[in-house]
**Q** 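I have a structure I would like to understand better, so I am pasting it below and will then ask my questions one at a time.
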Amino acid sequence: MDKSYQPEEIERRIYERWEEQGYFAPRGDGAPYCIMIPPPNVTGTLHMGHAFQDTIMDALTRYHRMKGDRALWQPGMDHAGIATQMVVERLLNAEGKSKRDLGRDKFVERVWQWKEESGGQIEQQTRRLGASVDWTRDRFTMDEGLSEAVRKVFVDLYDEGLIYRGKRLVNWDPVLHTALSDLEVLSADEDGSLWHFRYPLVSGEGHMVVATTRPETMLGDSAVAVHPDDERYAHLIGQEVELPIVGRRIPIIADDYVDPAFGTGCVKITPAHDFNDYEIGKRHDLPIYNILTDDAALNDDVPESYRGLDRFVAREKIVEEFEGLGLLEKIEDYTIKTPRGDRSHAVVEPYLTDQWYVKIEPLAKPAIEAVETGRIRFVPENWSKTYFDWMYNIQDWCISRQLWWGHRIPAWYDAEGNIYVGHDEDDVRKKHGLAAGVALTQDDDVLDTWFSSALWPFSTLGWPEKTREVGEFYPGNVLVTGFDIIFFWVARMIMMGIKFMGDVPFHEVYIHGLIRDQDGQKMSKSKGNVLDPLDLIDGIDLESLVEKRTAGMMQDHLAPRIEKATRQHFPDGIDAHGCDALRMTFGALATNARDISFDLRRIGGYKNFCNKLWNAARYVLMNTESMGDGEFELSAADRWIRARFDATTREMHKHFATYRLDLAVQSVYEFTWHEFCDWYLELSKPVLQSDESTNAMRLGTQKTLIEVLESLLRLLHPIIPFVTEEIWEPVARRARIEGDTIMLRPYPEPSDNASDDEAVADIEWVQQFILGIRQIRGEMDISPGKALPVLLQHADDVDEQRIQRLRLLLQRVGRVDSVKILADGEQPPAAATALLGDMRLLVPMKGLIDVDAERARLDKQMDKVRADLARTTGKLGNENFVNNAPPAVVTQERERAVEFEKTISQLTEQLAKLDELA
RNA sequence: GGGCGAUUAGCUCAGGGGUAGAGCGCCACGUUGACAUCGUGGAGGUCGGUGGUUCGAAACCACCAUCGCCCA
């Protein structure tokens with residue numbers, strides 16, 4: 001073995017072998033365990049969030065696979081309609097072409113080409129992360145099988161009346177020319193104005209003043225509304241105003257929606273271009289005047305001088321004209337919530353179009369119940385609140401998109417505009433008895449990308465065909481995802497799963513936090529703070545990193561700033577850390593927090609951990625070469641480390657069961673480094689190296705070294721699969737364990753044996769002894785190599801026995817040269833002191849120890865103990881405490897007080913001794 | 001406006017009614033036959049604020065402050 005762990009070559013080699021050997025496929029006859037990967041979009045490459053999520057899912061899958069479950073981690077990718085179409089359109093634009101130049105078929109072909117590239121990259125990245133997904137079952141949302149599932153669901157829902165076509169106001173993206181669902185629209189405060197317009201009363205008795213943030217929409221006004229209880233305007237209700245510029249007479253109506261305190265209390269009503277106004281229009285049966293085109297320019301239903309103008313140009317012109325007419329009352333600065341498309345970032349327009357909708361309420365009801373009744377559990381539990389809030393207020397889902405990339409809606413129209421829905425044209429003709437001569441054209445629109453994602457838990461398993469997998473792996477066990485897509489995805493999977501499979505798609509939803517940069521900022525290309533997980537694994541030099549972060553920017557002007565920040569944050573580029581170090585970092589970050597700041601400095605520690613493990617293995621292998629058979633004897637240290645391993649195993653099971661990978665990482669890190677390496681390996685050295693030990697003792701320790709290490713590797717494997725696999729092979733051979741791979745060996749189970757209290761107490765005593773000596777050594781600046789004589793005062797029988805049994809450990813590990821028990825009454829020489837229970841460890845000072853330094857050291861200890869004692873006596877002096885606290889707590893406090901007093905008297909005595917010397 | 005969350009060591013974060021924790025960073029010493037990607041010792045926090053509940057609060061409750069997210 002190399003002297004240090006070198007991950008690069010090892011990782012690739014091992015992953016290839018795992019995949020070739022088919023280890024990722026479900027196997028055995030254990031209980032099925034299934035996780036569906038949230039399919040990444042084929043829009044590029046995986047980011048830190050994916051890598052984080054993949055690590056969690058892989059750890060869970062490997063854990064369950066090792067526990068003997070028939071584990072399936074289903075991989076796949078999402079076609080991501082709008083997102084992918086935009087990426088490819090941008091590529092085309094860069095070539096000076098548009099999608100219209102290509103036409104629909106060629107364009108879609110081009111997107112498929114892109115999908116192959118991007119998908120290939122994503123798969124390679126997934127492999128580098130060590131993900132044990134079953135590649136043989138890889139799926140894509142636009143595969144034939146999954147498309148069939150989409151069509152069936154659409155047709156079934158339509159036939160049942162749960163999908164309908166309707167003319168409604170939608171969120172219209174005038175750049176992408178498509179409808180968006182509510183979820184795809186992001187609103188943010190932007191600076192704007194509030195314009196106050198005068199609308200003259202037809203009666204000629206003055207005017208009404210309406211306030212609006214959208215002047216241009218006045219061309220489509222159908223009414224002016226006031227609150228029914230608003231006395232200022234009560235007499236005007238039922239009268240009319242004349243709409244300036246347009247010249248249309250529109251009524252003054254009363255509606256509760258109007259807030260009399262806002263502006264003048266008069267509101268212009270534009271049913272075609274505002275969601276609230278649309279509702280009011282419906283209530284009052286107002287005419288709807290659509291004034292916009294698909295591009296959000298004004299259409300031909302407005303006065304001639306406005307036709308064809310962009311909405312924002314028209315706005316200025318309207319304001320000017322009002323001013324010219326003397327009808328502009330005033331303009332106020334005003335902050336408005338501006339809705340923008342989450343992909344195009346264009347200001348979205350409420351726009352009246354024909355769209356397809358899913359009637360959601362009948363689907364939402366059982367989905368709410370599933371969480372209420374606990375058939376689905378959110379982890380952390382809190383997220384169910386978010387889920388409920390949304391589900392109680394859910395709106396019908398607009399599922400049609402005016403895109404080219406996606407599942408074409410399986411609906412056909414005849415010349416009269418009649419709608420026929422079916423799996424394909426033949427099916428439609430058969431179903432409706434349409435002759436071959438009847439011309440049918442298919443709906444041009446495609447489905448919202450989340451429509452197919454909603455079917456993912458069963459479409460990937462082969463549904464609607466009755467495959468074995470559907471029976472076996474549906475429902476899945478847990479969905480691992482971020483809270484940002486609870487509405488987009490989680491809720492819709494639950495609805496569709498219950499509807500079409502008659503059961504929930506999974507029983508637990510583990511919601512993890514979102515990875516942000518070291519400052520808590522969301523990682524995004526335009527901020528230039530994205531990290532490629534592969535760069536953390538393989539490392540990258542500064543110039544390449546700068547190049548990577550600034551290439552292909554949508555906004556070139558940001559590049560210099562990004563370059564500067566990058567050079568500042570990563571002056572030396574990024575070191576290679578290996579996949580396991582990255583995975584362990586992600587594991588440690590998998591807390592319940594919703595935002596996770598990824599600080600590069602954390603990963604270094606886990607790289608060192610891998611190296612530590614590697615070297616521990618080297619030590620174990622070196623020292624077990626000559627391991628024979630025969631009689632063996634376990635020492636206290638052997639028994640102690642086995643007990644500690646057992647306890648750690650218990651913790652690991654608990655942490656996996658509760659999705660606390662952070663605590664799992666902490667437990668196993670602590671055990672590996674601080675118990676196994678720092679103590680046990682050190683304690684094993686005297687046994688292996690001393691002439692005093694017997695063959696049976698040596699063999700006992702050798703067996704313990706190899707057995708605990710082998711088990712430890714299995715304990716760690718779900719989190720750091722590569723290094724554990726690499727080490728496991730020689731270790732397992734040495735331990736005479738069969739098997740080609742650690743990943744199919746059983747996960748350690750805690751033993752049923754009672755914990756080995758005697759051995760634990762022995763070793764804890766040894767630790768206290770050695771720590772006492774080390775403390776003296778450290779603070780007295782005595783070289784670690786210098787062996788010290790130690791005298792013991794007040795040693796009781798137990799101490800004496802332990803000294804006999806454990807002397808070798810004290811001497812070798814504590815670097816103690818001799819241990820001598822002072823007889824009662826024997827006068828000790830001047831010495832530095834450490835306390836171990838009632839016993840006092842004395843290191844004679846002659847030539848070694850500075851009296852003042854020792855006094856300072858003891859004073860410090862004294863201060864601490866006195867403070868402790870004061871707190872304890874304070875408590876005990878409080879009648880309420882003694883009467884009300886649980887007896888065990890009171891007893892504990894009393895014992896503590898006795899301890900502290902004893903310690904104080906010992907320290908006092910020792911300080912007096914020092915004074916005698918001075 | 002409604003909802004949710006965060007505030008603990010210099011940094012990143014665990015914890016949780018009974019003596020404040022980890023990793024990283026920092027200081028000192030040290031090449032001890034696994035590991036200098038290391039070892040040993042050490043410094044460092046009145047747990048955001050104010051009230052309340054309690055024998056006891058960093059933890060539970062209320063309010064406030066600051067920051068953040070989601071929904072109108």
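Side-chain atoms are counted along with the backbone in the values below, which use heavy atoms only and exclude waters and symmetry mates. Chain naming here is simple, since letters A, B, ... match the order of the sequence lines and numbering starts at 1 in each.
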**Q** Check this for me: A:E279, atom CD, are more than 12 non-hydrogen atoms of other residues, nucleotides or ligands nearer than 6.0 Å?
**A**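 Yes.
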**Q** Look at the rings of A:F52 and A:F586 and say which category their plane angle falls in: under 30° parallel, 30 to 60° tilted, over 60° perpendicular.
**A**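 Judged by the thresholds at 30° and 60°, the geometry between A:F52 and A:F586 is tilted.
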**Q** Side chains of A:D638 and A:Y680: is there a donor and an acceptor less than 3.5 Å apart?
**A**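 Distance-only check passes for A:D638 and A:Y680.
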**Q** Hydrogens and angles aside, do A:R734 and A:T624 bring a side-chain donor and acceptor to less than 3.5 Å of each other?
**A**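 The answer is yes; a qualifying pair exists.
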**Q** Taking the P atom of each, how far is B:U37 from B:C60, in whole Å?
**A**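 Roughly 43 Å separates the two P atoms.
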**Q** For B:C55 versus B:C47, give the span between their P atoms, rounded off to a whole number of Å.
**A**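 22 Å, rounded to whole Å.
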**Q** Which part of the nucleic acid, if any, lies within reach of A:N883 when heavy atoms closer than 4.0 Å are counted: base, sugar-phosphate only, or nothing?
**A**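 Answer is nothing: A:N883 stays at 4.0 Å or more from every strand.
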**Q** Just how far, in rounded Å, is C1' of B:G3 from CZ of A:F487?
**A**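 Value for this atom pair: 10 Å.
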**Q** Tell me what A:L771 touches on the nucleic acid: a base, only sugar-phosphate, or nothing, going by heavy atoms under 4.0 Å.
**A**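 The residue A:L771 makes sugar-phosphate contact but no base contact.
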**Q** Please work out if A:R660 contacts a base, only the sugar-phosphate, or nothing of the nucleic acid, heavy-atom cut-off 4.0 Å.
**A**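 The answer is sugar-phosphate, as A:R660 gets under 4.0 Å only of primed atoms, P, OP1 or OP2.
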**Q** When you measure from the side-chain N and O atoms of A:Q775 to the phosphate of B:G42, is any distance below 4.0 Å, counting only OP1 and OP2?
**A**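 So the side-chain polar atoms of A:Q775 do come within 4.0 Å of the phosphate oxygens OP1 or OP2 of B:G42, strictly under.
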**Q** Rounded to whole Å, please give me the gap between CG in A:D259 and C1' in B:G1.
**A**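 After rounding, the gap between these two atoms is 12 Å.
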**Q** Please report the distance separating the C1' of B:C11 from the corresponding atom of B:G25, rounded so that it comes out in whole Å.
**A**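 Each nucleotide's C1' atom is 7 Å from the other's.
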**Q** Tell me whether the rings of A:F645 and A:F671 are parallel (<30°), tilted (30 to 60°) or perpendicular (>60°).
**A**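 Ring orientation of A:F645 relative to A:F671: perpendicular.
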**Q** Using the C1' atom on both, measure B:C26 against B:A9 and round to a whole Å.
**A**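 Rounded to whole Å, the distance is 12 Å.
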**Q** For A:S597 and B:C13, is the shortest distance between a side-chain N/O and OP1 or OP2 below 4.0 Å?
**A**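 For B:C13, OP1 or OP2 has a side-chain N or O of A:S597 closer than 4.0 Å.
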**Q** Taking atom P in both B:A57 and B:A22, compute the distance separating them and give it to the nearest angstrom.
**A**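 To the nearest whole Å, 24 Å.
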**Q** Counting only heavy atoms not in A:H674, do more than 12 sit closer than 6.0 Å to its NE2 atom?
**A**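 Atom NE2 in A:H674 is packed in, count exceeds 12.
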**Q** What's the CD-C1' distance between A:E779 and B:C27, to the nearest Å?
**A**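 For the pair A:E779 CD and B:C27 C1', the rounded distance is 13 Å.
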**Q** Any protein N or O atoms within reach of nucleotides 32-34 of chain B? Criterion: under 3.5 Å, listing atom names and distances.
**A**
residue : atom : partner : partner atom : Å
B:U32   : O2   : A:R815  : NE           : 2.9
B:U32   : O2   : A:R815  : NH2          : 3.0
B:A34   : OP1  : A:K685  : NZ           : 3.1
B:A34   : O2'  : A:N615  : OD1          : 2.8
B:A34   : O2'  : A:R618  : NH1          : 2.9
B:A34   : N7   : A:K685  : NZ           : 3.3
B:A34   : N6   : A:C677  : O            : 3.4
B:A34   : N6   : A:E682  : OE2          : 3.3
B:A34   : N3   : A:N615  : O            : 3.2
B:A34   : N3   : A:A616  : N            : 3.4

**Q** Return the value, rounded to whole Å, for the distance between atom CD of A:Q6 and atom P of B:C35.
**A**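 Value for this atom pair: 15 Å.
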**Q** On RNA chain B, does the nearest nucleotide to A:F598 precede the nearest nucleotide to A:N880 from the 5' side, or the other way round? Give the residue.
**A**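 The answer here is A:F598.
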**Q** Across all strands shown, which nucleotide pairs with B:G39 by Watson-Crick or G-U wobble geometry, both distances under 3.5 Å?
**A**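 Looking at the geometry, B:G39 pairs with B:C29.
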**Q** Using a 4.0 Å heavy-atom cut-off across all strands, classify A:L621 as base, sugar-phosphate, or nothing.
**A**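 Nothing, no nucleic acid heavy atom in range.
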**Q** Any strand counts, and the cut-off is 3.5 Å on both contacts for Watson-Crick or G-U wobble. Which nucleotide pairs with B:G44?
**A**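 For B:G44, the partner nucleotide comes out as none, under the 3.5 Å rule.
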**Q** Just wondering, are more than 12 heavy atoms of other shown residues or ligands nearer than 6.0 Å to CD in A:E361?
**A**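 For A:E361, atom CD is not crowded (no more than 12 foreign heavy atoms under 6.0 Å).
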**Q** Taking the ring centre of each residue, are A:Y5 and A:W614 less than 6.0 Å apart?
**A**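 Between A:Y5 and A:W614, the centre distance is under 6.0 Å.
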**Q** Run through A:W390, A:W397, A:W450 and flag the one making a ring pair (Phe, Tyr, Trp, His ring centres under 6.0 Å) with A:F487.
**A**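 Only one of A:W390, A:W397, A:W450 forms a ring pair (Phe, Tyr, Trp, His ring centres under 6.0 Å) with A:F487, namely A:W390.
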**Q** Please report the distance, rounded to the nearest Å, between CZ in A:R594 and P in B:A14.
**A**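 Value for this atom pair: 13 Å.
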**Q** When the P atoms of B:U8 and B:G49 are compared, how many Å lie between them, rounded to an integer?
**A**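 Pairwise P distance, B:G49 against B:U8, rounds to 10 Å.
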**Q** So which one's nearest nucleotide on RNA chain B is more toward 5', A:D595 or A:N382?
**A**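 Final value for this comparison: A:N382.
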**Q** What N/O pairs connect the protein and nucleotides 18-24 of chain B at under 3.5 Å? Give each pair on its own line.
**A**
residue : atom : partner : partner atom : Å
B:G23   : OP1  : A:H674  : NE2          : 3.2

**Q** In whole angstrom, give the distance that lies between atom CG of A:D662 and atom P of B:G15.
**A**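 The distance from CG of A:D662 to P of B:G15 comes to 7 Å, rounded to the nearest Å.
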**Q** Roughly how many Å is it from CG in A:L589 to C1' in B:U12, rounded to a whole number?
**A**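 Interatomic distance, CG of A:L589 to C1' of B:U12: 8 Å.
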**Q** Using the C1' atom in both, what is the distance from B:A59 to B:G2, to the nearest Å?
**A**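 The answer is 28 Å between these two C1' atoms.
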**Q** Please report the C-alpha distance between A:W673 and A:L613 in whole Å, then the side-chain angles of each, then the deciding distance to 0.1 Å, and finally whether the side chain to side chain contact (heavy atoms under 4.5 Å, CB included) criterion is met.
**A** CA-CA 8 Å; A:W673 202 305; A:L613 182 66; over 6 Å; no
**Q** Distance check needed: B:G3 C1' versus A:M391 CE, whole Å only.
**A**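 Spelled out: CE on A:M391 to C1' on B:G3 is 18 Å.
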**Q** Once you apply the 3.5 Å cut-off to both distances, tell me the Watson-Crick or G-U wobble partner of B:U53, or none.
**A**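 For B:U53, the partner nucleotide comes out as none, under the 3.5 Å rule.
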**Q** Is there a Watson-Crick or G-U wobble partner for B:C4 with both distances under 3.5 Å, and which nucleotide is it?
**A**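 Paired with B:C4, as far as the under-3.5 Å criterion goes, is B:G68.
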**Q** OP1 or OP2 of B:C70 less than 4.0 angstrom from a side-chain nitrogen or oxygen of A:T386, does that happen here?
**A**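 For B:C70, neither OP1 nor OP2 has a side-chain N or O of A:T386 closer than 4.0 Å.
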**Q** Roughly how far apart, to the nearest Å, are B:A58 and B:U19 at atom P?
**A**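 About 12 Å, rounded to a whole number of Å.
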**Q** Run through A:W383, A:F483, A:Y387 and flag the one making a ring pair (Phe, Tyr, Trp, His ring centres under 6.0 Å) with A:F378.
**A**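 So the option named by the test is A:Y387.
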**Q** In the strands shown, is B:U19 matched to any nucleotide by a Watson-Crick or G-U wobble pair with both distances under 3.5 Å, and which?
**A**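 Matched B:U19 with nothing under the 3.5 Å cut-off.
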**Q** Are more than 12 heavy atoms from other residues, nucleotides or ligands located less than 6.0 Å from atom NZ of A:K902?
**A**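 Buried by this count: over 12 neighbours within 6.0 Å.
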